[in-house]
Amino acid sequence: MTTEDKEFICGPCDYLHTPKTAVVWCPTCEEGLCHDCSVHHTAGKLSRDHKPINIDHYKEMPMQMIEEVKKCLKHDEIYELYCPNHKTHCCVQCVKEKHAKCTGVTLLRKVIENIKTSAMVTEINQELENRMEGLVKLTENRKKNVDRINKQSSELCTEFRRMRKEIESVLDEFENALNEQAITVKNTQSSIVNNTIYKIGSHESVYKDLHSDLQKVIAYGNNFQVYSAVKTIEEALVKRDGELESLIKTSSGLQEINVVFNCSEQLSSLLTKDVQLGMVNTSCSPLEFDFKHTGKTWNGIVKRTVCKH
Ligand SMILES: [Zn+2]
Ligand SMILES: [Zn+2]
Ligand SMILES: [Zn+2]
Ligand SMILES: [Zn+2]
C-alpha cells in the first residue's frame, strides 16, 4: 500500500469509533491526529515533547524506505540496539545470536540522536550526489559523442564531394594532356607514312618515265635503238631496284601503324563493375572519462567500458 492510498485518520478518534481525518502525524505515537486531538496532544503532559508534523508532509515521505528498519522480522522484536563492529542495527535476540563477541553494542536511539547532522548522513548524501554528478557528466559526454557522430557523418560526405571535384579536375587535366599527345602522335605518325608515300611516288615516276620512253622507242626506233634502250633500262633497273629495296627495308613508314590508348589499371579499375571505392566505417576506443571524484566503483565502470565494434 502506498502513502497516497492510506486513509489517514485520527488515531484517538478512531479508537472512540468516531473516525476523523488526521491533520498531523506524530512520529513518536506513530499515529495521525485530528485538529482537536492534536491540541490535546500538544497540551498533554506525556506527549508535550512529541513533534507532530503536517500530515501532507508525512504523506510525501517514502514509506517503504523509512519503515525498512523498524522491526527485526527474524525475531519479531523492535531494533533497539546498534553494533559498531558490524555497523548495523540489531534487536536483543540478534545481539545474543550474532553480536555476542562484539564490543560497544549500544542503544540505537543514542547512536542516531544527532543523525541529521552526522557524518553518516553527510557521507551517504555525498555518495548519491557524486553518482548523480558523475552520470550528468557522462550524459553530457555521450551527447557530445552523438554530436560528433552527426558532424563526422555529414563531414565525410562533404569531404568526398571535395575529393570528387579534385578527381574531376585531375581527369580534365588528363584529358587535355591526352588531346595534346594525340595531336602530336597523329602529326608525327602521319608525316612518317606521308613521307614514305612521297618516296614511293618518286620511285614510281622513275619507272613510269622509263616505261613511257621504252614505248616511244618501240614505236619509232629501229631495232638497234630498241636494243640500246633495253640495255639502258636494265642498267637503270639495277640501280633503282637497289634504292627501292633499301626504302622497303629501312622506311618506318612501311609498317602498319595504329594509335591506341593504354588506359592505366588504376583508371580502368574505376569502371569495373562492383568496384569498392570505399565505405563508411566506425572506429571505437575505450571511453576516457574522469570519474576521479566518485571513487572506486566508478573507476571500475570505466574499465569495463569496451569497444563493441
Ligand atoms: Zn481526533
Ligand atoms: Zn505523540
Ligand atoms: Zn533480531
Ligand atoms: Zn556485531
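Counting convention: from 1, in listed order, for ligands and their atoms alike.
- The minimum distance between the Zn ion (ligand 4) and any N, O or S atom of H86 involves atom ND1.
- Taking the Zn ion (ligand 3) as the apex, the angle formed with SG of C94 and SG of C72 is 110°, to the nearest 10 degrees.
- Of all N, O or S atoms in H41, the one lying closest to the Zn ion (ligand 2) is NE2.
- Within H75, ND1 is the N, O or S atom that lies nearest to the Zn ion (ligand 3).
- Without hydrogens or angle criteria, T18 side chain to C13 main chain gives a donor-acceptor distance under 3.5 Å.
- Dense packing is recorded around CD1 of I115, with more than 12 heavy atoms of other residues, nucleotides or ligands lying under 6.0 Å away.
- Taking 2.8 Å as the threshold, C90 does not count as a candidate ligand of the Zn ion (ligand 3), since none of its N, O or S atoms lies below it.
- Atom ND1 is the N/O/S atom of H50 found closest to the Zn ion (ligand 2).
- None of K96, E97, Q93 except one satisfies the side chain to side chain donor-acceptor pair (under 3.5 Å) rule with H75; the exception is E97.
- With hydrogens and angles left out, the side-chain atoms of Y207 and D241 include a donor and acceptor closer than 3.5 Å.
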Does E140 form a salt bridge (Lys or Arg N to Asp or Glu O under 4.0 Å) with K144? I'd like the steps, not just the answer. CA-CA 6 Å; E140 277 170 20; K144 276 182 190 158; 5.5 Å; no

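- Considering only heavy atoms from C-beta on, V105 stays 4.5 Å or farther from N85 through its side chain.
- For the Zn ion (ligand 4), the nearest N, O or S atom contributed by H99 is named ND1.
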